[in-house]
J.: 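The structure under discussion is supplied below as structure tokens; questions concerning it will follow.
From a predicted model like this one, the values you see are computed outputs, not experimental measurements.
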Amino acid sequence: MMKARLLLAASLLVLATTAAESSADPILAVGGDALNLQADKLDVDVGTGDAVLTGNVALSKGDLKVACPRIDLKFDNTPHVKWAKGSGGVVADVRGVHAEAPEVELDLGRQILDLRGGVRLTRGQGWLQADRATIDIASAKVTLTQVKGSIPVPPAK
């Protein structure tokens, strides 16, 4: 068990070092897809399965792109990322929906992006503000709570 965690830490550190040297993003497996990460700094705690990325953090997976100052990750021994939390002011884009919020939580098993703390969503000229927004990444279905906003209506003919 400890040997597998040490191998994981070494893999994460090699990926981070390679990324710093070649400007490529480190990649961690996520349920058959890849989670691309980029940051100024990566700290890994092999014993707990935690990683913290800080400074100009960017995360992408398929149509999802997230940028913020900090992302905390939880991973297993393979290394598969199970969970991520972005904080410090988050900007996220999923299939044409642009979101801004103080923090975001990403459940990779359920493919759910949960933005909290005062969210602003925009698409085209429409905008919505909400206390919380949940985005199903696979379907791009959005659920909002405590909502107000403006949605354009085409002119009458």
Side-chain angles (χ1 to χ4, degrees), residues 5 8-9 11-20 22-124 126-149:
R5 288 189 181 263
L8 168 64
S11 298
L12 286 171
L13 293 174
V14 167
L15 288 170
T17 304
T18 302
S22 68
S23 299
D25 297 339
I27 299 174
L28 301 173
V30 180
D33 282 338
L35 180 67
N36 298 302
L37 300 168
Q38 182 174 345
D40 293 339
K41 184 178 177 185
L42 169 65
D43 291 310
V44 179
D45 184 334
V46 176
T48 62
D50 296 328
V52 178
L53 295 104
T54 54
N56 300 308
V57 181
L59 173 149
S60 64
K61 181 181 185 300
D63 293 331
L64 170 67
K65 292 176 182 35
V66 175
C68 58
R70 177 185 173 118
I71 291 183
D72 294 82
L73 299 173
K74 298 247 183 233
F75 57 87
D76 62 19
N77 293 333
T78 35
H80 289 139
V81 175
K82 302 182 293 186
W83 174 88
K85 178 182 179 184
S87 57
V90 177
V91 175
D93 289 287
V94 181
R95 295 186 183 175
V97 176
H98 178 79
E100 296 179 20
E103 68 179 31
V104 64
E105 189 169 326
L106 177 59
D107 182 330
L108 293 160
R110 295 178 34 226
Q111 299 293 299
I112 299 293
L113 184 71
D114 191 20
L115 298 123
R116 295 185 295 262
V119 179
R120 181 170 175 90
L121 297 174
T122 57
R123 184 170 183 164
W127 62 271
L128 296 170
Q129 288 183 327
D131 181 54
R132 183 177 187 166
T134 302
I135 302 172
D136 182 308
I137 298 166
S139 68
K141 180 180 175 187
V142 179
T143 303
L144 305 168
T145 58
Q146 303 297 314
V147 184
K148 68 178 179 178

J.: Got a sec, which residues hit side-chain contact (heavy atoms from CB on, under 4.5 Å) with A130, two or more places apart in sequence or on another chain?
T.: L144, V147

J.: If I take atom CG from residue L115 and atom OG1 from residue T134, how far apart are they, to the nearest 0.5 angstrom?
T.: 8.0 Å

J.: Is any side-chain heavy atom of N56 closer than 4.5 Å to a side-chain heavy atom of Q38?
T.: no

J.: Quick one: list whatever passes side-chain contact (heavy atoms from CB on, under 4.5 Å) with K41, sequence neighbours left out.
T.: D43, T54

J.: For R116, is there an ion pair with E103 - N to carboxylate O distance below 4.0 angstrom?
T.: yes

J.: Taking distance alone, no hydrogens or angles, what donor-acceptor pairs closer than 3.5 Å link side-chain atoms of residues 82-90 to residues at least two apart or in another chain?
T.:
unit_1, atom_1, unit_2, atom_2, d
W83, NE1, E105, OE2, 2.8

J.: Under the salt bridge (charged side-chain N to carboxylate O under 4.0 Å, His left out) rule, collect the residues that match up with R123, sequence neighbours excluded.
T.: none

J.: State which residues pass salt bridge (charged side-chain N to carboxylate O under 4.0 Å, His left out) with K65; sequence neighbours excluded, sorted by chain then number.
T.: none

J.: Report yes if some heavy atom in the side chain of L106 is under 4.5 Å from a heavy atom in the side chain of L64; otherwise report no.
T.: yes

J.: Nearest 0.5 Å, please: how far is OG1 in T48 from NZ in K74?
T.: 6.0 Å

J.: Search all heavy atoms of V44 against all heavy atoms of L42 and return the closest pair with its distance.
T.: CG2-CG, 3.8 Å

J.: With sequence neighbours excluded, tell me which residues meet salt bridge (charged side-chain N to carboxylate O under 4.0 Å, His left out) with D40.
T.: none

J.: Between L73 and L37, does the side-chain contact (heavy atoms from CB on, under 4.5 Å) criterion hold? Intermediate values first, please.
T.: CA-CA 11 Å; L73 299 173; L37 300 168; 3.7 Å; yes

J.: Not counting sequence neighbours, list each pair that qualifies as a salt bridge (Lys or Arg N to Asp or Glu O under 4.0 Å) and has a residue in residues 126-140.
T.: D114-R132

J.: Walk me through it: do K61 and V66 pass the test side-chain contact (heavy atoms from CB on, under 4.5 Å)?
T.: CA-CA 9 Å; K61 181 181 185 300; V66 175; over 6 Å; no

J.: Sequence neighbours left out, what passes side chain to side chain donor-acceptor pair (under 3.5 Å) with Q129? Give chain and number order.
T.: none

J.: Within the structure provided, determine whether V104 and L113 are in side-chain contact (heavy-atom separation under 4.5 Å).
T.: yes

